[in-house]
Amino acid sequence: MENLSSTRKLANGVKIPCIGYGTWQTPGGDVARDSVKKALELGYRHVDTATVYGNEASVGEGIRLSGVKREDVFLTTKQWTNERGFENTMAAAERALKTLGVDYLDLYLVHWPAVEKLSPDWAAINAETWRGFEKLYKDGKVRAIGVSNFMPAQLAALKECAEVQPMVDQVEFHPGYIQRNVLDYCRENGIVVEAWSPLGSGRLLADPLVNEIGAAHGKSAAQTCVRYALQHGIVPLPKSVTPERIAANADVFDFALTDAEMAALDAMPETGYSGYHPDDAPAG
Ligand code: A2P
């Protein structure tokens with residue numbers, strides 16, 4: 001049976017634990033520090049943060065306080081949109097490493113792409129940023145590099161100029177909002193997809209269909225959503241600062257959704273959609 005230490009393989013062979021502990025909307029300070037420590041004590045081995053979340057220092061502290069060795073934690077952070085470009089990328093990564101208190105990252109992501117609708121030179125901006133990511137990768141500062149919120153148009157443009165292809169695309173994904181075009185592109189190109197808001201940021205947790213499907217397995221709506229992402233071959237990043245929920249969200253390895261249940265969750269309305277899309281101003 002799989003567990004929180006089970007991994008998926010990135011294109012460069014690096015192993016990524018199959019569920020990550022999400023920290024979007026977790027305030028920096030005691031809350032982030034204590035919840036990250038708790039997640040690691042409960043067996044999570046993958047922590048996802050971002051510079052714009054404002055909690056990197058506390059996330060780093062929580063990892064150190066947990067006593068889990070650095071090399072046993074898969075740590076991701078993301079570069080914010082005001083840090084684009086080659087030189088800015090190098091400086092941003094140095095600052096993130098320092099704030100987190102680590103000497104390498106497991107995964108560094110471009111948080112949002114520059115897009116045609118907002119910047120005429122979007123492709124050049126993304127290419128220049130990516131050149132910085134490739135340098136960080138070659139220098140051994142990061143074990144893997146990837147992107148977040150990239151749609152096929154931005155992925156395809158990057159593919160044209162990249163020496164090292166992105167290993168991950170982290171996008172919004174949950175029942176009713178599966179961005180199938182992104183999933184298909186990533187599967188065809190060997191890119192692992194991670195799910196942000198796998199519970200629809202909580203918006204799906206009262207949904208009758210999700211609850212009904214979960215109840216058939218003796219599971220909650222949150223557990224159903226996490227399991228749903230896993231069965232899609234996606235790495236979910238559920239966020240909770242509540243110890244019981246942190247534990248519950250990882251108790252998903254002892255049941256399986258049927259094909260019919262998966263199809264019903266695929267087809268349900270976009271109840272959990274955040275409203276954030278790369279063609280609009282990015283969300284922090
Ligand atoms: P909290 O952090 O206060 O426990 P997502 O991962 O999709 O962004 O969803 C995160 C939201 O869902 C947070 O508001 C979180 O609340 C809530 N949440 C996370 N896990 C559970 C759970 N097992 N049961 C109920 N609510 C949950």
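One-based numbering, in listed order, for ligands and for the atoms of each. Note: hydrogens, waters and symmetry copies are ignored here, and every other heavy atom, side chains too, is used.
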Quick check: does any side chain N or O of E188 sit under 3.5 Å from a backbone N or O of Y185, one acting as donor and the other as acceptor?
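Absent.
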Can you sort out which atoms of ligand 1 are near [X], meaning under 4.0 Å from one of its heavy atoms?
{"X": "G202", "answer": "9 (O), 11 (C), 12 (O)"}
{"X": "G200", "answer": "7 (O)"}
{"X": "S197", "answer": "5 (P), 7 (O), 8 (O)"}
{"X": "T242", "answer": "1 (P), 3 (O), 4 (O)"}
{"X": "A222", "answer": "22 (C), 23 (N)"}

Is ligand 1 less than 4.0 angstrom away from at least one heavy atom of G22?
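False for this residue.
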Report yes if some N/O of [X] lies less than 3.5 Å from some N/O of ligand 1; otherwise report no.
{"X": "P238", "result": "no"}
{"X": "V241", "result": "yes"}
{"X": "W24", "result": "no"}

Just need the protein heavy atom nearest to [atom], so name the residue and atom and give the distance.
{"atom": "atom 20 (N) of ligand 1", "result": "N249 ND2, 2.9 Å"}
{"atom": "atom 16 (O) of ligand 1", "result": "R245 NH1, 3.2 Å"}
{"atom": "atom 10 (C) of ligand 1", "result": "K239 O, 3.2 Å"}
{"atom": "atom 9 (O) of ligand 1", "result": "S201 CA, 3.3 Å"}

Is a salt bridge present between [X] and [Y], judged by a nitrogen-to-oxygen distance below 4.0 Å?
{"X": "R180", "Y": "D266", "answer": "yes"}
{"X": "K117", "Y": "D280", "answer": "yes"}
{"X": "E128", "Y": "R131", "answer": "yes"}

Classify the contact between S220 and ligand 1 as side chain, backbone, both or neither, using a heavy-atom distance cut-off of under 4.0 Å.
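Neither; no heavy atom under 4.0 Å.
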How does L205 reach ligand 1, by side chain, by backbone, by both or by neither, if only non-hydrogen atoms under 4.0 Å count?
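Near ligand 1, L205 shows its side chain, while the N, CA, C and O stay back.
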Between W196 and W24, what is the ring plane arrangement, given parallel below 30°, perpendicular above 60°, and tilted in between?
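Because their plane-to-plane angle is over 60°, the rings of W196 and W24 count as perpendicular.
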Would you say L97 ends up clustered with F86 if hydrophobic residues are merged whenever their side chains have heavy atoms under 4.5 Å apart, either directly or through other cluster members?
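Yes: a chain of side-chain contacts under 4.5 Å links F86 to L97.
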Give the minimum heavy-atom separation between Y228 and H174, together with the two atoms involved.
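The pair with the smallest heavy-atom distance is CE2-C, 3.8 Å.
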Member of R70, K141, R45 meeting the salt bridge (charged side-chain N to carboxylate O under 4.0 Å, His left out) criterion with D106:
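Testing each of R70, K141, R45 against D106, the sole residue satisfying salt bridge (charged side-chain N to carboxylate O under 4.0 Å, His left out) is R70.
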Does K9 have more than 12 heavy atoms from other residues, nucleotides or ligands lying within 6.0 Å of its NZ?
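At most 12 heavy atoms, drawn from other residues, nucleotides or ligands, come within 6.0 Å of this atom.
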Is it true that, when you exclude D259 itself, more than 12 heavy atoms of the residues, nucleotides or ligands shown sit nearer than 6.0 Å to its CG?
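Incorrect, the count does not exceed 12.
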